[in-house]
Amino acid sequence: MRVTTLAADGPGSLRRALLAKGPRLVVFEVGGVIDLAGLTLVVRNPHLTIAGQTAPDPGITLIRGGLIVETHDVVIQHLAVRPGDAGPAGKEWAPDAMGVRRGHDVIFEHCSATWAVDENLSTSGPGDVEDPSLTAHDITLKNCLIAEALSKSTHPKGEHSKGTLVHDGVRNVLIEGCLYAHNRERNPRVKGGASAVVRSSVMYNWGSACVGVGARGNQKMLAPAEVVLEGNVAIAGPDTRGRVFVKSVDPGGRVWLRDNAVIGADLTDERVVVVENVSNRVPSPERVLRSAGSRPARRDPIDARIVQSVIDRTGKIIDSQEEVGGYPVRAATTRALMIPKDRSAWLEKLSQEMTIGR
């Protein structure tokens with residue numbers, strides 16, 4: 001299916017493509033900003049690939065809304081989602097940028113999730129469950145940029161700058177090659193009954209908690225979270241107050257630590273159950289800084305600024321997108337697409353152009 005307009009709805013829109021049924025590949029013949037005007041996109045029909053790498057420069061950015069998956073067998077590539085605080089007047093406004101609710105077998109690859117009021121990029125479902133069939137499971141976040149979740153914004157609970165929540169009982173989550181920057185907490189947080197592998201990622205300038213683990217669900221104590229942390233680089237920044245890489249947010253939480261580098265902070269607090277701690281090499285943040293985000297070979301000014309802040313050890317946790325230039329304003333671009341029979345090789349080639357340049 002071809003997206004041919006930046007309109008939030010109507011013929012040729014991304015929303016119409018997501019509402020369609022049956023196996024489908026969504027490609028873009030237009031680039032620019034889609035203003036969702038407070039209405040988050042929800043994917044409910046399975047067997048979907050959203051190929052943002054097919055869009056002409058500057059790519060596709062969604063603002064004033066999010067993108068949530070509530071089904072299975074979905075791949076989302078090379079999109080930027082930036083909800084911000086300008087929700088619909090008179091209504092509660094606490095969107096995630098991207099995420100999965102009760103879905104499974106979902107991949108977010110080379111996406112940029114920033115300026116969420118709730119979480120930037122999360123996996124969730126009902127509270128206090130330990131059966132993965134009842135909630136999200138088998139989720140991959142790969143080479144994503146997850147940054148600048150809004151702190152003192154419009155969330156009904158007040159302060160809420162959060163990166164990624166792996167919710168109660170969510171199993172088999174892989175977070176690989178991602179960049180977390182300027183999120184106060186949840187970089188990521190893995191709750192009771194959940195399991196995750198976090199590897200080859202970079203966490204910078206968290207506030208009170210970098211990686212959080214525990215055993216608590218919404219109301220009940222569940223099985224301890226189990227998390228493998230391998231080859232990550234955690235760098236304390238100007239806003240970092242909780243100076244540990246892994247924090248026990250509540251009692252419980254079992255971690256396996258392999259070849260992580262922690263700069264300006266301790267490895268864990270005393271309540272974390274460390275099953276294994278092996279250090280045979282010192283990882284570098286360079287690969288993540290080169291490859292994370294929606295179009296790393298030709299980054300937009302927002303992603304470029306965030307990556308540079310990690311390099312320079314600058315930047316801050318923000319309350320509004322207006323502190324860092326506001327929503328992007330970009331002219332629409334168009335191009336006709338000729339889709340070859342070998343779609344997988346074609347998409348991979350386009351993805352490589354977004355990642356390492358032509």
Atom pair CZ (Arg290) and CG (Asn143), whose distance is rounded to the nearest 0.5 Å: 11.5 Å
statement: Sorted by chain and number, sequence neighbours left out, salt bridge (Lys or Arg N to Asp or Glu O under 4.0 Å) with Asp266 holds for none
message: Show every ring-ring contact (aromatic ring centres under 6.0 Å, His included) that has at least one partner inside residues 257-284, sequence neighbours left out.
response: none
query: Salt-bridged, Glu226 to Arg254, with N to O below 4.0 Å?
result: yes
Val26 reachable from Leu62 in the ILVMFWY side-chain graph, under 4.5 Å edges: yes
query: Between His104 and His72, how do the two ring planes meet: parallel, tilted or perpendicular, split at 30° and 60°?
result: parallel
- prompt: Ignoring hydrogens and geometry, is there a side-chain-to-backbone donor-acceptor pair from Ser13 to Pro11 under 3.5 Å?
  reply: no
query: Does anything in residues 299-314 pair up under side chain to side chain donor-acceptor pair (under 3.5 Å), and if so which pairs, sequence neighbours excluded?
result: Arg82-Asp300, Arg82-Asp303, Ser112-Asp303, Glu148-Arg305, His182-Ser309, Asp300-Arg330, Gln308-Asp312
Ionic contact status for Arg295 with Asp57, cut-off 4.0 Å: yes
task: Using only heavy-atom distances, determine whether the side chains of Asn218 and Asp128 contain a donor-acceptor pair under 3.5 Å.
output: no
task: Before accepting this row, confirm whether a basic side-chain N of the pair Lys162/Glu119 lies closer than 4.0 Å to the acidic partner's carboxylate O.
output: no
- prompt: Is a side-chain donor or acceptor of Asp138 paired with a backbone partner of Asp105 at a separation under 3.5 angstrom?
  reply: no
query: Would Val272 and Leu267 show up in the same hydrophobic cluster when neighbours are defined by side-chain heavy atoms closer than 4.5 Å?
result: yes
Donor-acceptor contact below 3.5 Å, side chain Asn183 vs main chain Ile146: yes
message: Tell me if a side-chain donor or acceptor on Ser201 pairs with a main-chain N or O of Gly177 at a distance below 3.5 Å.
response: yes
task: Could you state whether Leu41 and Val100 fall into the same hydrophobic cluster, counting links through intermediate Ile, Leu, Val, Met, Phe, Trp or Tyr residues with side-chain heavy atoms under 4.5 angstrom apart?
output: yes
message: Using a 4.5 Å cut-off between side-chain heavy atoms of Ile, Leu, Val, Met, Phe, Trp and Tyr, which other residues end up in the same hydrophobic cluster as Ile263?
response: Val33, Ile63, Trp93, Trp115, Val117, Leu145, Leu150, Leu179, Val202, Tyr204, Val233, Ile235, Val288, Leu289, Ile302, Ile306, Val307, Val310, Ile311, Ile318, Val324, Tyr327
field: Test item: Arg15 side-chain N/O and Ala8 main-chain N/O as donor-acceptor pair under 3.5 Å
entry: yes
- request: Not counting sequence neighbours, which residues clear salt bridge (Lys or Arg N to Asp or Glu O under 4.0 Å) with Glu109? List them please.
  value: none
- prompt: Under 4.5 Å between side-chain heavy atoms, hopping through other hydrophobics if needed: is there a path connecting Val173 to Val211?
  reply: yes
query: Taking ILVMFWY side chains as joined if any heavy atoms are under 4.5 angstrom apart, and letting links pass through other members, which residues group with Leu350?
result: Leu25, Val27, Leu337, Ile339, Trp346, Leu347
- prompt: Do Ser122 and His167 have a side chain donor and acceptor closer than 3.5 Å?
  reply: no
- prompt: Can you check whether Ala181's main-chain N or O pairs, donor with acceptor, with Asn205's side chain at less than 3.5 Å?
  reply: no
message: With no hydrogens and no angle check, just 3.5 Å: does a side-chain donor-acceptor pair link Asp85 and Ser320?
response: yes
message: Test question: given the 4.5 Å side-chain rule for I, L, V, M, F, W and Y, name all other residues clustered with Leu222, or answer none.
response: none
- prompt: Partners of Arg216 by side-chain hydrogen bond (donor to acceptor under 3.5 Å, both in side chains), sequence neighbours excluded?
  reply: none
message: Quick check against the 3.5 Å criterion: does Thr164 have a side-chain atom that pairs as donor or acceptor with the backbone of Pro188?
response: no
- prompt: Is it the case that one hydrophobic cluster holds both Val244 and Val190, taking links as side-chain heavy atoms less than 4.5 Å apart, direct or via other members?
  reply: no
field: side chain to side chain donor-acceptor pair (under 3.5 Å): pairs with one or both residues in residues 268-283, sequence neighbours excluded
entry: Arg258-Glu276
- prompt: Should side-chain heavy atoms under 4.5 Å link Ile, Leu, Val, Met, Phe, Trp and Tyr, which residues sit in the same cluster as Met221?
  reply: none
Side chain to side chain donor-acceptor pair (under 3.5 Å) contacts touching residues 240-249 (sequence neighbours left out): none
task: Any pair with a residue in residues 26-35 that passes salt bridge (charged side-chain N to carboxylate O under 4.0 Å, His left out), sequence neighbours left out, goes on the list, sorted by first then second residue, please.
output: Arg2-Glu29, Asp35-Arg64
